There are 2 protein chains.
Amino acid sequence: MASSTESNTRPIRLADIAKAAGVSHGTASNVFSRPEIVREEVRERVKAAAEALGYAGPDPKGRLLRAGKVNAIGVATTEPLSYFFDDPFARAMMAGISEACDATGAGIALVSAGNQEKLAWNIQSALVDGFILFCIEGGSRLVELTRERKLPFVALELGFDDDTVSAIGVDNVAGARLAARHLAELGHRRFAVLALPFADGSTGLVSPEQVRTALYTGTRDRLVGYFEALSQFGVDTAGIPVYETENDEASTRAGLETIFASAEPPTAILAMSDRIAMIAIEWLTARGIAVPGDVSIVGFDGVPDAALCDPPLTTVAQPIAEIGRRAARTILDFDGTVRRETLGVELVVRASSGPPPKAV
Amino acid sequence: MASSTESNTRPIRLADIAKAAGVSHGTASNVFSRPEIVREEVRERVKAAAEALGYAGPDPKGRLLRAGKVNAIGVATTEPLSYFFDDPFARAMMAGISEACDATGAGIALVSAGNQEKLAWNIQSALVDGFILFCIEGGSRLVELTRERKLPFVALELGFDDDTVSAIGVDNVAGARLAARHLAELGHRRFAVLALPFADGSTGLVSPEQVRTALYTGTRDRLVGYFEALSQFGVDTAGIPVYETENDEASTRAGLETIFASAEPPTAILAMSDRIAMIAIEWLTARGIAVPGDVSIVGFDGVPDAALCDPPLTTVAQPIAEIGRRAARTILDFDGTVRRETLGVELVVRASSGPPPKAV
DNA sequence: CACCTTTGTTGGATCGATTCAAATTTTGCT
DNA sequence: AGCAAAATTTGAATCGATCCAACAAAGGTG
């Protein structure tokens with residue numbers, strides 16, 4: 001019940017204290033923004049007036065309009081807000097973004113929403129100097145929405161070929177080659193791929209046609225990398241089942257059901273994300289299929305959790321934090337140019353991959 | 001090098017398109033904010049003009065000043081920004097906050113900074129409707145800083161006795177009693193406490209004097225709860241070492257060194273956070289001390305990770321997400337009153353606690 | 001003492017929108 | 001056609017600050 005009596009009085013403005021102190025609003029403003037240029041006696045008088053009236057200091061809302069710069073960068077996704085705190089990949093990325101923001105004193109505004117309509121509104125009304133976009137699914141919509149704000153923005157992962165948008169990602173082809181070569185060198189010849197989305201809203205086994213017309217070229221590139229490397233080992237890539245998941249538990253499990261219903265199940269799984277890989281490990285282990293004894297798995301991303309699961313995951317590690325750092329820098333130091341960066345990846349061999357079982 | 005030619009032309013304003021379309025700016029504004037009240041013919045004309053000039057839509061910076069509401073809540077801490085994505089407790093809390101924000105379409109602005117000076121500035125200039133404060137260390141400073149903004153704010157964990165600030169926390173005394181009673185009932189009689197900070201910047205063994213003058217009453221209350229319960233079992237609480245940590249690895253390890261240097265080391269450890277407890281488990285295990293065979297440990301908080309460590313941690317679970325949800329609601333539905341809520345906790349028994357070893 | 005600096009202060013213009021009472025146009029009806 | 005009611009449109013006021021050119025006062029110099 002505190003402060004209910006004074007609740008009808010409207011907040012104190014700078015002009016109010018200027019009047020109270022008997023100075024112009026210009027001087028009053030200076031007292032707060034450049035105190036050194038106003039005479040001490042006056043400065044004290046204004047400060048006293050501010051104190052007496054209970055002035056909260058210059059309202060950033062007012063300052064903002066004049067200054068133009070918000071000094072905050074928006075991070076947007078089509079997922080719910082909690083994605084930023086739950087998903088390991090997002091978290092690692094946010095750590096990198098945080099670091100760059102901490103260094104320059106910029107703030108972070110998280111932008112998302114329950115539904116598409118609100119998302120559009122939230123992007124339109126976000127008070128930020130630029131956006132970093134997490135382009136998971138619905139990435140293209142997100143890009144379109146953001147483009148209309150006419151603010152600098154950068155997409156994480158070069159999701160599409162559109163050269164007009166800044167993007168930071170990794171060399172997916174090279175990374176995928178690394179993963180596939182590793183398994184082939186261990187002796188594997190029967191593979192399955194658990195893929196990320198090629199397009200919005202579809203899941204299931206993927207046809208070459210779908211691959212060719214993939215909306216998400218990152219997914220396609222990884223597949224290309226897998227196949228390139230495997231071809232070099234004489235593997236018939238046409239016979240490899242490629243199951244498109246939504247990078248979640250349900251679709252990954254469905255994919256595994258499909259793949260292992262086969263008469264000749266694979267001895268090695270190429271998973272396009274660590275998330276998928278870890279779900280797969282759990283699924284296989286629960287069914288008594290040994291990893292890597294019976295089936296080897298290689299993930300993609302290199303999230304911190306991957307080192308901690310059982311068995312620890314062999315994976316293609318992206319420099320996630322570095323991507324985040326660069327993305328933030330791109331917005332913070334925006335110079336009007338489109339910037340597309342491709343970073344290198346690294347194969348991290350752990351315990352989820354080994355030679356295929358002897359007897360077939 | 002895109003768009004370098006047009007970079008010197010200043011952004012299009014609503015007034016520009018009003019002129020171009022030959023209507024007043026009032027009408028132009030209505031086209032965007034209340035399209036239904038303007039005649040279709042005019043509406044189309046204005047939209048066409050906007051399209052032609054490349055207008056990005058009403059600038060939120062301008063709208064904000066008039067509207068007054070930002071529609072975002074600030075979450076502040078004295079830790080670096082990455083704290084929100086690294087710390088399990090913070091993450092669970094943010095998940096609850098996210099949920100409430102998603103539901104109402106509000107945004108989240110993360111506020112922090114590398115140093116104290118920037119922190120002050122960032123709090124003063126954050127564009128938010130209110131704050132949620134993570135009061136770890138330096139909590140009192142954070143509260144003072146925020147209070148000056150004269151915006152609604154709520155402190156997480158009733159860190160201090162100050163009744164003028166809204167706060168949401170748990171019943172620390174009751175929770176601590178639960179933990180201590182559990183261990184006493186298992187037969188333990190020799191205890192040690194790994195505490196959270198009692199005041200800023202101090203660590204080490206704590207004297208009763210320090211406890212009495214504790215800045216953080218949450219820490220004090222937990223200790224009081226521990227001692228109350230143990231006294232009932234005839235344990236001499238005066239002989240229990242209480243080591244103040246900073247809730248991090250270094251100080252916790254130092255505390256363990258101190259505690260286990262004793263001739264009669266404890267058989268049970270009361271840790272005031274899961275973080276501390278998990279660090280302790282790791283430290284003990286690495287030294288060949290079995291948990292719970294040789295030493296039992298009970299944590300506090302109930303972060304998700306606690307269920308996954310080895311052995312799974314017995315702990316006093318706070319309704320973390322619920323606290324977050326309520327905190328967000330408190331800001332979102334602010335009614336001018338001070339609100340202090342105390343939520344219940346629950347003992348979750350897992351494998352880190354068991355009877356003390358037989359032979360002493 | 002006139003003149004030039006230096007230092008401080010003033011008040012109008014501006015940032016980009018929304019709002020609302022008043023003015024204007026349309027529509028409906030006889 | 002005439003007139004009241006309804007539907008649109010206008011333009012000034014406002015939100016809360018910062019910026020800056022112009023001015024005033026004080027200090028220094030020949």
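Here is how names work: the chains are called A, B, and so on, in the same order as the sequence lines, proteins then strands, and each is numbered from 1. Note that the coordinates shown come from a computational prediction; the quantities given were computed from them, not determined experimentally.
A/Glu144 and A/Arg147 are joined by a salt bridge, as a carboxylate oxygen and a charged side-chain nitrogen come within less than 4.0 angstrom of each other. Using a cutoff of 4.0 Å between basic side-chain nitrogens and carboxylate oxygens, A/Asp16 and A/Lys19 are not scored as salt-bridged. The residues A/Arg45 and A/Glu41 are annotated as salt-bridged, a charged nitrogen and a carboxylate oxygen being separated by less than 4.0 angstrom.
Taking atom CD1 of residue A/Ile37 and atom P of nucleotide C/dT10, one finds them 12 Å apart after rounding to whole Å. Nucleotide D/dG16 holds its P atom 15 Å from the CZ atom of A/Phe32, rounded to whole Å. Straight-line distance from the NZ atom of B/Lys61 to the C1' atom of C/dT14: 14 Å, rounded to whole Å. When rounded to the nearest whole Å, the span between CD1 of A/Ile12 and P of D/dA17 equals 10 Å. The interatomic distance linking A/Arg45 (CZ) with C/dG8 (P) rounds to 14 Å, in whole Å. Atom CD in A/Glu41 sits about 13 Å away from atom C1' in C/dT9, given to the nearest Å. With rounding to whole Å, A/Asn30 atom CG is found 12 Å from D/dA17 atom C1'. One interatomic measurement links the two molecules: CG of B/Leu65 to P of D/dT18, which rounds to 12 Å at whole-angstrom precision.
Residue A/Arg13 has its side chain nearest to D/dG16 when only C/dT19, D/dG16, C/dA13 are considered. The side chain of A/Arg63 sits closest to D/dA17 out of D/dA17, C/dT18, C/dT9. You'll find that the side chain of A/Ser24 is closest to C/dG11, out of C/dT19, C/dT18, C/dG11. The B/Thr27 side chain lies nearest to D/dT9 when the options are D/dT9, C/dT9, D/dT18. Of the candidate nucleotides D/dT14, D/dA17, D/dA12, D/dA12 has the atom nearest to the side chain of B/His25. Across C/dT18, D/dT9, C/dG16, the shortest atom-to-atom separation from the side chain of B/Val38 is found for D/dT9.
Contact annotation for B/Tyr55: backbone-only contact, meaning every heavy-atom pair under 4.0 Å involves sugar-phosphate atoms and none involves a base.
Here B/Arg66 does not reach the OP1 or OP2 of C/dT19: none of its side-chain N or O atoms lies under 4.0 Å away. Contact annotation: A/Ser29 side-chain N/O to D/dA17 OP1/OP2 distance is not under 4.0 Å.
Under the 4.5 Å side-chain criterion, counting only non-hydrogen atoms from C-beta, B/Arg149 is in contact with A/Pro60.
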Going through the checks in order, is the side chain to side chain donor-acceptor pair (under 3.5 Å) test met by A/Arg63 and A/Ser33?
CA-CA 10 Å; A/Arg63 193 210 316 278; A/Ser33 45; over 6 Å; no
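Toward the 5' end of DNA chain C, the nearer of the two residues B/Arg34 and B/Gly62, judged by each one's closest nucleotide, is B/Gly62.
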